[in-house]
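Heads up: numbering here begins at 1 and tracks the sequence. The figures here come from the full heavy-atom set of this structure, side chains too, leaving out hydrogens, waters and symmetry mates.
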Amino acid sequence: MKIETKLPRVGTTIFTVMSQLAASHKAVNLGQGFPDFDGPQALRDALTEAMNSGKNQYAPSTGWPALCEQIALKCEILYGCHVNAGAEVTVTSGATEALFAAIAAIVRRDDEVIVLDPCYDCYEPAIDLNGGHTIHVGLDPTDFSVDWNRVKDAITARTRAIIVNTPHNPSGAVFSAADLDALAAITRDTNILVISDEVYEHIVFDGDEHQSVLRNAELAARSFVISSFGKTYHCTGWKVGYCVAPAALSVEFRKVHQYLTFCTFTPAQVALAEVLGKQPEHYLQLPAFYQARREFFRELLAPTRFRLLPVAGAYFQLVDYSEISDKDDFSFCEWLVAQAGVAAIPISAFYESPPADMRLVRFCFAKSDEVLRTAAQRLSSL
Ligand code: PMP
Ligand code: GLN
């Protein structure tokens with residue numbers, strides 16, 4: 001049988017490729033972004049309890065009601081946005097499902113969707129599968145800020161949506177309130193929708209506040225806001241995320257969601273509902289927790305020949321390796337995993353066309369002290 005691919009430009013994701021290379025070289029894996037520690041004991045106990053007390057059948061398609069309530073409450077407390085738990089919150093199987101469902105719900109043939117490069121890898125294939133065109137606008141290559149005039153210039157009569165991501169993967173850059181104002185201004189009086197990927201919402205450093213689009217009433221009215229418990233509760237493998245969107249948008253989102261997955265793993269939803277409201281200290285302490293990881297890793301890397309870029313949020317450290325090698329970033333990562341025994345992610349994987357001579361790779365610092373120390377020891381020999 002021959003099948004004509006619908007995704008000719010898609011291969012195996014860079015995260016899988018690098019994790020496999022890390023395993024085959026027995027390398028320290030700072031590539032794929034996931035913590036090497038577990039979430040709170042209370043959460044894992046609550047999951048066991050949920051399974052042992054019969055919470056093993058389908059949840060309501062839109063989400064376990066107590067979890068939807070807690071999500072709505074969190075949006076109200078943190079971002080001052082009133083969210084109707086029944087009509088505006090949908091629990092999904094990870095942020096990945098939510099991103100796909102939001103794109104599938106709104107993108108029609110030949111619609112254009114603006115993304116900001118470098119961007120996370122699951123946006124464009126979803127746009128492609130729905131017949132849309134991805135319009136790539138570059139972030140500033142030095143500090144990964146958005147030039148909103150360039151975004152505005154990319155808008156056409158066919159623009160259906162803009163996808164934004166703060167805190168940003170891979171750079172760790174975060175939006176300011178002025179970014180929200182600029183996004184509101186360029187979408188005002190248009191039918192453009194916003195898909196806001198906020199999976200690292202609870203990992204913002206140096207006392208800054210996360211600038212959720214939910215803080216801006218104008219943007220909240222036209223946005224799908226997507227997050228993931230995987231990042232917040234150190235449980236990326238549970239694949240529980242959610243989408244907050246105004247009722248009319250949620251209706252369309254849910255039409256897709258109910259036929260993609262129908263519902264998300266019930267015991268995890270029950271467990272998350274249990275801890276989210278009762279122990280908000282977990283996510284409130286997350287910035288301090290990851291800021292300490294960031295400091296620790298940066299101090300370890302300071303004596304090396306890598307140049308460290310600033311990190312305002314998320315759990316990734318970008319480094320410039322141009323003092324060590326003039327290989328392109330893919331070749332450098334292949335060399336690094338084989339020669340130094342450390343896996344990283346080449347930044348050009350996040351670009352349609354990366355700026356010439358960019359020599360950046362991404363390390364994930366959501367790792368134990370020992371793992372970061374071993375990695376740094378190996379990197380300091382270069
Ligand atoms: N968006 C971004 C920016 C991410 O980094 C990730 C995963 N790390 C996702 C979406 C997907 O999240 P999930 O694992 O909950 O599907
Ligand atoms: N989001 C994770 C990262 O950026 C990877 C998730 C995945 O492997 N799909 O590394």
Side-chain angles (χ1 to χ4, degrees), residues 15-16 18-23 25-51 74 93-96 120 167 169-170 172 198-206 210 227-241 265 267-276 278-301 308 311-319 337 341-345 361-379:
F15 308 114
T16 302
M18 288 314 303
S19 281
Q20 283 172 349
L21 276 178
H25 289 284
K26 298 196 171 30
V28 178
N29 189 359
L30 303 190
Q32 190 177 28
F34 61 90
D36 70 354
F37 32 81
D38 288 325
Q41 185 65 50
L43 177 63
R44 287 176 283 138
D45 289 345
L47 180 76
T48 309
E49 168 61 21
M51 289 191 288
K74 182 165 78 79
S93 299
T96 310
Y120 189 58
N169 181 6
E198 303 186 9
V199 300
Y200 301 101
E201 64 177 317
H202 298 297
I203 313 179
V204 176
F205 304 133
D206 305 313
H210 168 58
S227 192
S228 171
F229 290 109
K231 318 294 167 183
T232 305
Y233 285 97
H234 315 316
C235 56
T236 58
W238 289 20
K239 294 297 284 190
V240 185
F265 182 58
Q269 294 195 62
V270 175
L272 285 161
E274 190 66 22
V275 299
L276 195 57
K278 285 199 193 134
Q279 299 184 4
E281 57 279 6
H282 173 79
Y283 65 76
L284 294 174
Q285 287 164 4
L286 212 53
F289 173 80
Y290 273 121
Q291 188 164 326
R293 305 273 82 218
R294 177 190 72 168
E295 296 314 309
F296 182 68
F297 189 50
R298 287 175 70 89
E299 275 165 31
L300 288 171
L301 290 191
L308 307 183
V311 183
Y315 47 49
F316 304 112
Q317 172 69 60
L318 288 189
V319 298
V337 72
V342 179
I345 299 291
V361 296
R362 189 195 83 176
F363 292 125
C364 172
F365 58 76
K367 307 292 172 189
S368 64
D369 287 5
E370 198 191 324
V371 164
L372 294 179
R373 246 191 235 111
T374 308
Q377 245 163 28
R378 295 178 181 186
L379 296 172

*asked:* Looking at every heavy atom in both P167 and V204, which two are closest together, and how far apart are they?
replied: CG-CG2, 3.6 Å

Only distances under 3.5 Å count here; give the side-chain donor-acceptor pairs of residues 29-44 to other protein atoms, sequence neighbours excluded, each with its distance to 0.1 Å.
residue	atom	partner	partner atom	Å
N29	OD1	G31	N	2.9
N29	ND2	S19	OG	3.1
Q32	OE1	S19	OG	2.8
D36	OD1	S368	N	2.8
D36	OD2	S368	N	3.2
D36	OD2	S368	OG	3.4
Q41	OE1	R44	NH2	3.4
Q41	NE2	D45	OD1	2.9
R44	NE	G39	O	3.1
R44	NH2	G39	O	3.1

*Test side-chain contact (heavy atoms from CB on, under 4.5 Å) on L276 and Y283 and set out the steps.*
CA-CA 8 Å; L276 195 57; Y283 65 76; 3.9 Å; yes

*Check S227 against A95 and note the closest heavy-atom contact, atom names and distance.*
O-CB, 3.8 Å

_Spatial distance of atom CZ (F289) from atom CG (L284) [nearest 0.5 Å]_ = 15.0 Å

Name the atoms and distances for all side-chain donor-acceptor pairs under 3.5 Å in residues 228-236, with sequence neighbours left out.
residue	atom	partner	partner atom	Å
S228	OG	G230	N	3.1
H234	ND1	Y290	OH	3.3

*Output the distance between atom CZ (R373) and atom CG (L300), rounded to the nearest 0.5 Å.*
7.0 Å

*Is there side-chain contact between E274 and V270, with at least one heavy-atom pair below 4.5 Å?*
no

*Considering all heavy atoms, the nearest A314-Y200 contact*: CB-CG, 3.7 Å

*Decide if atom CD of E281 counts as having more than 12 heavy atoms of other residues, nucleotides or ligands within a radius under 6.0 Å.*
yes

*Are Q317 and F297 close enough that some pair of their side-chain heavy atoms sits under 4.5 Å apart?*
yes

*Can you see which heavy atom on H210 is nearest to which on E198, and at what distance?*
NE2-OE1, 2.8 Å

*Hey, what do you get for CZ (F363) to CZ (R298), rounding to the nearest 0.5 Å?*
13.0 Å

*Taking all heavy atoms of A268 and all of W238, pick out the closest pair and write down the distance.*
CB-CE3, 3.8 Å

*Can you name the salt bridge (Lys or Arg N to Asp or Glu O under 4.0 Å) partners of R362, sequence neighbours left out?*
none

*Identify the heavy atoms of K26 and R378 that sit nearest to each other, and give their distance.*
O-NH1, 4.2 Å

*With rounding to the nearest 0.5 Å, note down the distance linking CD1 in I203 to CZ in F316.*
8.5 Å

*Using atom types as modelled and distance alone, determine if a side-chain donor or acceptor of R294 lies under 3.5 Å from a backbone N or O of V311.*
yes

*Verify side-chain contact (heavy atoms from CB on, under 4.5 Å) between H282 and V275, making sure each step is shown before the conclusion.*
CA-CA 9 Å; H282 173 79; V275 299; over 6 Å; no

*Once you round to the nearest 0.5 Å, how far does CZ of F365 lie from CG of L372?*
9.0 Å

